Enquirer: 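Let me give you the structure first, and then I'll get to my questions.
Predicted model, so just to flag it, every value in this text is computed and none were measured. Here is the naming used below: chain letters follow the sequence lines, and residue numbers restart at 1 for every chain.
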Amino acid sequence: MKKELAKTYNPKEFEDRIYKEWCDKGYFAPDPDKSKPAFSVVIPPPNVTGQLHMGHALDETLQDILVRSKRMQGFSTLWVPGTDHAGIATQIKVEENLRVNEGLTRYDLGREAFLERVWDWKNKFGSRIISQLKKLGTSCDWSRERFTMDEGCSKAVREVFVNLYEKGLIYRGHRIINWCPNCRTALSDAEVEYSEQAGHFWHIRYPVKDSDAFLTIATTRPETLLGDTAVAVHPEDERYKDLVGKMLILPLVGREIPIVADEYVEKDFGTGCVKITPAHDPNDFEVGKRHSLPVIRVMNDDATINAEGGKYQGLTREEARRAIVEDLEKGGFLVKVEDYSHNVGTCYRCKTNVEPLTSDQWFVKMEPLAKPALEVVKNGTVKFEPERFSKTYINWMENVHDWCISRQLWWGHRIPAFYCDACGEMTVSKTDLTACPKCGAPLRQEEDVLDTWFSSALWPFSTMGWPDDTEDLRRYYPTSVLVTGYDIIFFWVARMIFSAMEHTGKEPFSTVFIHGLVRDAQGRKMSKSLGNGIDPLEIIEEYGADALRFALASGNSPGNDMRFSPEKIEAARNFANKLWNASRFVLMNMEEDTPYGLPDVSLLATEDKWILSRFNKLVKEVRLALDGFELGVALSAVYDFSWDVFCDWYIELTKSRLYDKGSESGKVAVRVLGYVLVETLKLLHPYMPFITEEIYQAMPHDEESIMISAFPVASDALDFPVEEAEMEKVLDAIRAIRARRAEMNVLPSRRTKLFIITESVDTFRNAEGFFMKLAGASEVLLPDTYEEEGAVSIVTSAATVYIPLADMIDLDKEKERLAKELEKTEGEILRIEKKLSNEGFVAKAPAAVVEGEKAKLAKYRETEAKLREELKKLENI
RNA sequence: GGAGGCAUAGCUCAGUUGGUUAGAGCACUUGCUUCACAUGCAAGGGGUCAUAGGUUCGAGUCCUAUUGUCUCCACCA
């Protein structure tokens, strides 16, 4: 059924409409046909209250390309969408909102009322990110949309927690952890970001008890002096050997602390003496354990000094530092201050300096879990693409510490541990308990919630119904590919792998397809604070989702960052426009009843066979690239074919036939045009789903939607090597003539006779129209020889073409040009001859390569002979 | 301190297991109101593929070192 296309490409007119049609038709749901192989993907769930940014756009685009191409290749594809509750991020937003609008804190509201606010917020904004994903054209099965805090995922979380607890892999402990004083919660190691900060190195004198001697320590954090319980020196440090075991008087505090010997100290760094503050430094904590030192925590949860700090109580960390340095100076304890720049841990959410401190937290014991997770990557069951990221993963997993999973937040999965104040028992349970199983007294549930990543770690199987034995799990789990950025390999990918291994006994996915970051045109990370973020929705609004997707997919190589620039998106839009207009042209030349599909081979012209043969090559190329996750390579192949081969050549080649109204040959041409265009659209559909669907619907086609049509398969029936080669001879000649005319400034309007001397007479005779249309010919003659003077000669390997342009010819220049060309050709001949006379090459190179070189040599020799002949002629004049 | 990426045209980047004369987009030059498209057409200029070695019949591609640059991990107080 022939439809009209609007005169200009305007994606706004059809993108939303088409998306709705796909949804209504149910195309996004996996095909229930059991005979089809399964291909499944789970979306990296965006933050439920987040806004779509370029990172999402890239991630979703890549996934959609994979999913759509697999669907067209006959897989039963399932793409599970959903969102993450994003504990800290969401809670911060709601608290901020509460503070700004009502001047309240979460404590003013209380836990229950505050959580109601968060749920309201979630319900208000949770659909926003989903609708933004839809604008991109993502083909997720929305009927399976999940949320990390929905009933099913919560059930999975409890199941996992209790299982791990019962196996002894989750424990509660008083440990030193990373604390964010702003978010007022513990953080895992992965949630700490280090940043270089300018600071000072304070050298402080600690007097030795009952002596005039003293030790000088150097520290970047003088305020933690309040919690010092020792000073450590290296056991082999001659300077301090005799002092080990003696006591020091802690300045300002007056506490007696021992001098201990520990290998942790570097003799050559600082003064060789380290103050030990077990409560506020992870290394000191370890030293403290080895020497059974007391642990004195001197800060509150908001990083102000607590009662242990004596007169400094109530001061912030920064205030305390200033006050203490001042007092040290007054007391004569301060030796010197140096400028010092060092790495400080900050909170990945709010960038506040992390305060290491001791507290009661829940941990996952990592060692037993890491083992199978390492194995499965090392033995290739889980493959990283590109492969190098498996190193990053293995390195991290081999050195992983226990995972602190408790967060002092309210928004999240509350830890299912129940305390009995009557008998002191703690019970961990999959279901909520009200009475103590031991003594029957009322219970109190743990206040802490779980790290957000604890639930996302279960995403590949919790979304498919685990722990129940569901049909989805049986059919689609393990999933096929996980697509994500390298920045969350530790947060998420690693944790999914060990969780899946532990709880399902299977890897969560077979391939991890890693992409880089989308940066701005200057190569900077897009960020809110810089204000350099490009809003994908604005791009879609202005250029269309297809253009955005194209811009993100083209030139993007796996694992590498990319820059996003206005030029790129314009180039993408221009390509869409080109396709649109090429399609309009094809449609214009179609009849109401032009059918889909190729006419009989016997009816095909040489150029038809040429384009089919070229298309067939393209199909092979695209499929190979897609199979290897080379999405950018596949796209550029389709781009080049569409623009250069199909539009710039094939369409132009068919014009004379098309303008011969009603001719059989014109009808054949239009069917080939339609066929190649539609099949090319299919190759392109995974990348640009909307425009390809819109055009597909307008053209004669084979399926209800391009989405469910079959991805092209290379076929021997479309291979026409002979015609392809013949056609290339003609195209070579046309290109050469055009170049020559342009060089001589022959106006396009000036048409001339062409005399073509060639052995492929039939080929060139059949191509007469092409020379008229594309090479400025008024008449094409194919004599056996051409001897007249005053003609430009153009030499290609297959033909010598003469253009009588007596008035424009400069004989000397002609000679010079021919001589130059001859020189170049001879150079090439020499190079190939050398190669072919190399015994190693002939013996070791593949036969096809050797044959290729021989063919090339033959071609150059033909050209050389013709050039010599021409030169001789000119010299005789 | 450890690991890794990148270095190819003026700019931004492709280049799949080594195999035509190294490509594209943008920018630049010249010409074109050719009846699909000026978001276009045609022609053109521009690269010793960071440097030095090595492996190979053959290296932009593999190996080693060097330089520059970016990132991640570790954290010496």
Enquirer: Under 4.0 Å, counting only non-hydrogen atoms across every strand here, what does A:K267 touch: a base, just sugar-phosphate, or nothing?
Expert: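 The answer is nothing, as A:K267 stays clear of every strand by at least 4.0 Å.
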Enquirer: Rounded to whole angstrom, note down the C1' distance from B:rU33 over to B:rG15.
Expert: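 Result for the C1' pair: 38 Å, nearest Å.
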Enquirer: Between the side chains of A:S837 and A:K835, is a donor N or O closer than 3.5 angstrom to an acceptor N or O?
Expert: no
Enquirer: Of the listed nucleotides (B:rG31, B:rA77, B:rA36), which one gets closest to any side-chain atom of A:F201?
Expert: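 Given the options B:rG31, B:rA77, B:rA36, the side chain of A:F201 is closest to B:rA77.
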Enquirer: Counting any heavy atom closer than 4.0 Å, what does A:N399 reach on the DNA or RNA strands: base, sugar-phosphate only, or nothing?
Expert: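 No contact.
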Enquirer: Any side-chain N or O of A:K578 below 4.0 angstrom from OP1/OP2 of B:rC41?
Expert: yes
Enquirer: If we count only N and O atoms by modelled type, under 3.5 Å, do the side chains of A:N353 and A:Q197 hold a donor and an acceptor together?
Expert: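 Yes - a donor-acceptor pair under 3.5 Å links their side chains.
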Enquirer: Quick check for you: among B:rA14, B:rA77, B:rA24, whose closest atom lies nearest to any side-chain atom of A:Y340?
Expert: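 The nucleotide sitting nearest to the side chain is B:rA77.
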Enquirer: Do A:K856 and A:E853 sit within salt-bridge range, that is, some charged N less than 4.0 Å from a carboxylate O?
Expert: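 A salt bridge links A:K856 with A:E853.
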Enquirer: Using a cut-off of 4.0 Å on non-hydrogen atoms, how would the nucleic acid contact of A:I651 be classed: base, sugar-phosphate, or nothing?
Expert: base
Enquirer: How long is the line joining CZ of A:F564 and P of B:rU12, in whole Å?
Expert: 17 Å
Enquirer: Whether the A:H234 and A:D262 side chains hold a donor-acceptor pair (N or O, under 3.5 Å, no angle test) is what I'd like checked.
Expert: no
Enquirer: Need one value for A:W643: base, sugar-phosphate or nothing, where a base atom within 4.0 Å counts as base even if backbone is also close, heavy atoms only.
Expert: sugar-phosphate
Enquirer: Below 4.0 angstrom from OP1 or OP2 of B:rA36, is there any side-chain N or O of A:Y659?
Expert: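 Yes.
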Enquirer: How many Å lie between CZ on A:R573 and P on B:rC37, as a whole number?
Expert: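 Rounded to whole Å, this separation is 16 Å.
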Enquirer: For A:Y264, which contact category applies under a 4.0 Å heavy-atom criterion: base, sugar-phosphate, or nothing?
Expert: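 It contacts base atoms.
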Enquirer: Counting the atoms with a prime plus P, OP1 and OP2 as sugar-phosphate, which does A:A571 contact under 4.0 Å by heavy atoms, base, sugar-phosphate, or nothing?
Expert: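 Sugar-phosphate only.
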Enquirer: A:W396 or A:S583: which one's nearest nucleotide on RNA chain B is closer to the 5' end?
Expert: A:S583
Enquirer: Contact class for A:K773 vs. all strands (heavy atom < 4.0 Å): base, sugar-phosphate, or nothing?
Expert: nothing
Enquirer: Determine whether the side chains of A:T511 and A:E385 contain a donor N or O and an acceptor N or O closer than 3.5 Å.
Expert: no
Enquirer: In whole Å, I'd like the distance from the CE atom of A:M397 to the C1' atom of B:rA3.
Expert: 17 Å
Enquirer: Using the side-chain heavy atoms of A:R738, tell me which of these nucleotides is nearest: B:rA42, B:rG5, B:rA36.
Expert: B:rA42
Enquirer: Nearest nucleotide by nearest heavy atom, which residue falls closer to the 5' end of RNA chain B, A:F585 or A:D281?
Expert: A:F585
Enquirer: Within the 4.0 Å heavy-atom criterion, would you say A:K275 contacts the bases, only the backbone, or no part of the nucleic acid?
Expert: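 Result for A:K275 = nothing.
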Enquirer: Any ring-ring contact (aromatic ring centres under 6.0 Å, His included) involving residues 553-589 of chain A? Give me the pairs, sequence neighbours left out, ordered by first then second residue.
Expert: A:Y9-A:W580, A:F14-A:W580, A:F550-A:F575, A:F575-A:Y639
Enquirer: Answer with base, sugar-phosphate or nothing: what part of the nucleic acid does A:A739 contact at a heavy-atom distance below 4.0 Å?
Expert: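 Answer is sugar-phosphate: A:A739 comes under 4.0 Å of backbone atoms only.
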Enquirer: How many Å lie between CE on A:M744 and C1' on B:rU30, as a whole number?
Expert: 16 Å
Enquirer: Describe the nucleic acid contact of A:E266 in one word from base, sugar-phosphate, nothing, applying a heavy-atom distance below 4.0 Å.
Expert: base
Enquirer: Round to a whole Å and report the spacing from NZ of A:K525 to P of B:rU71.
Expert: 8 Å
Enquirer: Rounded to the nearest Å, what distance is computed from the CD1 atom of residue A:I488 to the C1' atom of nucleotide B:rU71?
Expert: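 Distance check: A:I488 CD1 to B:rU71 C1' gives 17 Å.
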Enquirer: Verify whether one side chain among A:E191 and A:Y348 offers a donor that lies under 3.5 Å from an acceptor in the other.
Expert: yes
Enquirer: Between the base of B:rU12 and the side chain of A:R563, is one N or O donor paired with an acceptor at under 3.5 angstrom?
Expert: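 Counting by modelled atom types and ignoring angles, no donor-acceptor contact under 3.5 Å is found here.
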Enquirer: Over all strands shown, is A:Y194 touching base, sugar-phosphate only, or nothing at heavy-atom distances under 4.0 angstrom?
Expert: base
Enquirer: Touch check for A:N838, heavy atoms < 4.0 angstrom, all strands: base, sugar-phosphate only, or nothing?
Expert: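 Sugar-phosphate contact only - A:N838 comes under 4.0 Å of backbone atoms but never of a base.
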Enquirer: For B:rG40 and A:W580 - does any side-chain N or O of the residue sit under 4.0 Å from the phosphate oxygens OP1/OP2?
Expert: no
Enquirer: Is there a donor and acceptor pair, one atom on the side chain of A:N395 and one on the base of B:rC73, closer than 3.5 Å?
Expert: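 Under the 3.5 Å cut-off, the side chain and the base do not form any donor-acceptor pair.
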Enquirer: Would you say a side-chain N or O of A:K856 is under 4.0 Å from OP1 or OP2 of B:rU20?
Expert: no
Enquirer: Mind calculating the distance between CZ (A:F269) and C1' (B:rG1) to the nearest angstrom?
Expert: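 In whole Å, B:rG1 C1' lies 13 Å from A:F269 CZ.
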Enquirer: Whole Å only: how far is the CG atom of A:L635 from the C1' atom of B:rG15?
Expert: 15 Å
Enquirer: Which of the following nucleotides, B:rA36, B:rA43, B:rA77, is nearest to the side chain of A:T220?
Expert: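 Within the option list, the nearest is B:rA77.
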Enquirer: Give the nucleotide from the list B:rA42, B:rG31, B:rA36 with an atom nearest to the side chain of A:D648.
Expert: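 Within the option list, the nearest is B:rA42.
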Enquirer: Charged N to carboxylate O under 4.0 angstrom, A:E743 versus A:R738?
Expert: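 A:R738 and A:E743: not salt-bridged.
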Enquirer: For the base of B:rA36, is there a side-chain donor-acceptor partner from A:E652 under 3.5 Å away?
Expert: yes
Enquirer: Would you indicate, yes or no, if B:rA14 has its OP1 or OP2 atom less than 4.0 angstrom from a side-chain nitrogen or oxygen of A:S557?
Expert: yes
